[in-house]
Every structure is written in structure tokens, then in C-alpha cells.
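What follows is a set of notes on a single structure, which appears directly below.
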Amino acid sequence: YLRGGTDDETLVRFDDLRLYDPFHFKDFYGVFSAIDPGIVSDIRVYTGGFPVTFGDRSSGVVEVAPRLPGQQFNGQAVLSLFTTGVSLDGSFNEGAGDWAVAARRSNMSVFFDLASSNFGEPDYHDLFAHLGRRVNEQLAISVNALTFVDQLIAFDTDQEEEAEAEYRDAYYWLRLDLGAPDAIGGRVLIARTDLDSERFGSTELPGIATGSLSDERDFSINSIQADGWWRPGARSVLQAGVEWRQMSGSYRYTDDVEFELLFLTPGAPTTPSRSRSI
């Protein structure tokens, strides 16, 4: 939350592509980033006064740049309190091409099992893949993918109420870098984004209420963004760009509940049963 704004007023970009809510456990305070630190080269945070090239967000910008693969084969494995991960990268064709892959998963379910916890089963994992090639001095092409998945089951203390949630976010993009950065150049991103979520809940409170609900949401976003620049001198630059997005979504919601007790309080149910389908 930058400068007091809401979460959707902050723009988060990875490799110049906009990410939508890039956090694990979104409905549980989004406590973990969905971007593996192993694939990051640098992060720039703008808390005000950011250029118009970042579009229509109002609170701030978090711009994440991916780590570029090295000329030699590199790899690392990470084991931490919360995650286990591995990342590999390298080059081919005498350095004209490069590739990278990184995968990470949560260790939280292991700790919950060791502690014999009755509160739930949290789990998440994410994956990044990159394949690029420089065609000539004026053109470089890369294909990229970034996905993250959350799976969560939560109970109350006596397991009379249960919630299940699963989120699947997937970003695929083709990137073209044109020209020379110190003279005239530009970039084009052609991207597809799929954001899916499934949430289920049930309650069984003897003498009070019994019920269940289901909430499923699917979104697809196709986008093309292009921008270019020209440096007429050492201290000046002219920029221009355009972005197009086509978005579609679907919602499916149902609930069914039986109340054994009714209360004469404002907002409380007034009938012994309720069923909705939207």
C-alpha cells in the first residue's frame, strides 16, 4: 500500500509486463511475493512523480527487472524456512541465445504436518521460464512464462468450518527488442494472461446453521504494448508508446444454507433457508 492507496492503485511490472496481484495467499493478506528473488536483478520503486509511461495507476510503481542469463551455465539451489527452489540459466549458439528456468515451492505444509496442526494445509509454488535469441544487432526476441499457484485448506479451531482456495495465475509473453538503446530503439510485448480462482467453504454448527458455498472466477487478458525512443543528444530523449488490452471474465457463485436459529437483529437472516446461484 503506497502513499495510503489501495492495492489496485499500485502498478507491479515484471520485464515491463503488468502483473495483477502477484502475491501468494491473496485472500490471506498476500504475505508472500509470487516472484522468486533468484530471478530478479533489480527492483525500482516509485512512490510518486513517476513517468506517464507507466500508465494509469495512481499510488506508485514497483518495477521488477529479471536477472539476465550468464554466458556460462549457472545454477543454484535454495532451502529456506519457507521455500525450496532451484534456478538454472545459460547460453547457446556462441552467446547469441540464452535460456533460464526457475522453480520454487513452499515448505509450509511440511511444518504444519510436523506440528500436527489442525488449522489447515497451505501450499504454493511458482515457475519462471525464458528462452531468447539475438537475431542481429537490431533485433532480439524472447519467449517467457511466469506462473504461480496457491492451494490452501483452512479450518477453525474445532473444524466446524472449512475453507478451500486455489489460485492459478499464468503469464505468457513474446518480447521483441529493437534498435540500439543509445540511439533509436523500442520494444514490443505481446502477452496472454490467465487468472483463475476457485474458493469453496462449508460450515456445520450444530443447533445454529449448516451450509456451503462455491465461488469460481476466470479471467483472460490479451495485450499488446509497444514503445520507442530516440536520443537526439546526450541529454535529451523523446519517447512514445501505445498499449491495447482485451479482457474477458466469468463468475460462478452458489450458496446453500439452513438456519436452525433466527435472531431478531438488523441484517440477520429472516428465513430458515437460503439458496443462491449467480
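These values consider heavy atoms only, across backbone and side chains, with no hydrogens, waters or symmetry-generated copies.
In this structure, the separation between CG on Asp36 and CZ on Phe128 is 10.0 Å, given to the nearest 0.5 Å. Interatomic distance, CZ of Arg192 versus CH2 of Trp173, reported as 15.0 Å (0.5 Å rounding). To the nearest 0.5 angstrom, Met108 atom CE is 11.0 Å from His24 atom NE2.
For the pair Ser106 (side chain) and Asp123 (backbone), a donor-acceptor distance under 3.5 Å is absent. The main-chain N or O of Gly5 is never found under 3.5 Å from a side-chain atom of Arg3 such that the two would form a donor-acceptor pair. Distance alone, capped at 3.5 Å, is enough to place a donor-acceptor pair between the Gln225 side chain and the Asp16 backbone. Side-chain atoms of Asn136 come within 3.5 Å of backbone atoms of Gln138 as a donor-acceptor pair (strictly under, hydrogens ignored). Judged purely by atom type and a 3.5 angstrom limit, Asp218 has no side-chain atom pairing as donor or acceptor with the backbone of Leu195. Side-chain N or O atoms of Tyr171 include one that pairs as donor or acceptor with a backbone N or O of Tyr20 at under 3.5 Å. A donor-acceptor pair is defined here as one N or O able to donate and one able to accept, closer than 3.5 Å; such a pair exists between the side chain of Ser41 and the backbone of Ala65.
Remark: Arg217 pairs with Asp215 by the salt bridge (Lys or Arg N to Asp or Glu O under 4.0 Å) rule, at least two apart or across chains.
Donor-acceptor pairing under 3.5 Å is recorded for the side chains of Asp98 and His130. Side chains of Thr254 and Arg276: no donor on one and acceptor on the other come within 3.5 Å. Using a 3.5 Å distance cut-off with no hydrogens or angles, the side chains of Asp194 and Ser220 do pair a donor with an acceptor.
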Next item on the list: Starting from the C-alpha separation in whole Å, work towards a yes-or-no answer on side chain to side chain contact (heavy atoms under 4.5 Å, CB included) for Arg168 and Glu198.
Entry: CA-CA 9 Å; Arg168 297 176 298 276; Glu198 298 177 2; 3.3 Å; yes

Checklist line | Check against side chain to side chain contact (heavy atoms under 4.5 Å, CB included), Leu127 and Val101 | finding: CA-CA 8 Å; Leu127 172 69; Val101 62; 4.2 Å; yes

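Clustering ILVMFWY residues whenever any of their side-chain heavy atoms sit less than 4.5 angstrom apart, transitively, puts Leu139 in a cluster other than the one holding Leu68. A single hydrophobic cluster is not seen to contain both Val61 and Leu189; linkage of ILVMFWY side chains at heavy-atom distances under 4.5 Å, directly or through other members, places them apart. Note on Ile141: it clusters hydrophobically with Leu131, by side-chain heavy-atom contacts below 4.5 Å among ILVMFWY residues.
In terms of heavy atoms, Pro272 sits closest to Leu262 at N-CD1, 4.3 Å. The minimum heavy-atom distance between Pro206 and Glu160, with the atom names listed, is CD-OE2, 3.6 Å. Of all heavy-atom pairs spanning Asn107 and Leu79, the tightest one is ND2-CD1, 3.9 Å. Considering every non-hydrogen atom in both Arg187 and Arg175, the closest pair reads NE-NH2, 3.2 Å. Heavy atoms only, all atoms of each residue included: Val188 and Ala226 are closest at CG2-CB, 4.0 Å. Taking all atoms of both residues into account, the shortest heavy-atom contact from Lys26 to Asp21 is CE-O, 3.2 Å.
A 4.5 Å side-chain heavy-atom check between Trp229 and Ile184 finds every atom pair outside the cut-off.
No salt bridge links Arg44 with Glu63; every basic N to acidic carboxylate O contact stays at or beyond 4.0 Å. Using a cutoff of 4.0 Å between basic side-chain nitrogens and carboxylate oxygens, Asp126 and Arg104 are scored as salt-bridged. Ionic pairing of Arg67 and Asp89 is present here: one or more N-O contacts between side-chain nitrogen and carboxylate oxygen are shorter than 4.0 angstrom.
A side-chain contact (heavy atoms from CB on, under 4.5 Å) with Val64 is found for one member of Leu19, Asp42, Ile35, Ile39 and no other, namely Ile35. The only option from Tyr167, Tyr124, Phe148, Phe82 that meets the ring pair (Phe, Tyr, Trp, His ring centres under 6.0 Å) definition with Phe25 turns out to be Tyr124.
Residue pairs that meet the ring-ring contact (aromatic ring centres under 6.0 Å, His included) test with at least one member in residues 247-278, sequence neighbours left out, are Phe219-Tyr251.
Residue-environment remark: CD (Gln72) stays at or below the threshold of 12 foreign heavy atoms within 6.0 Å.
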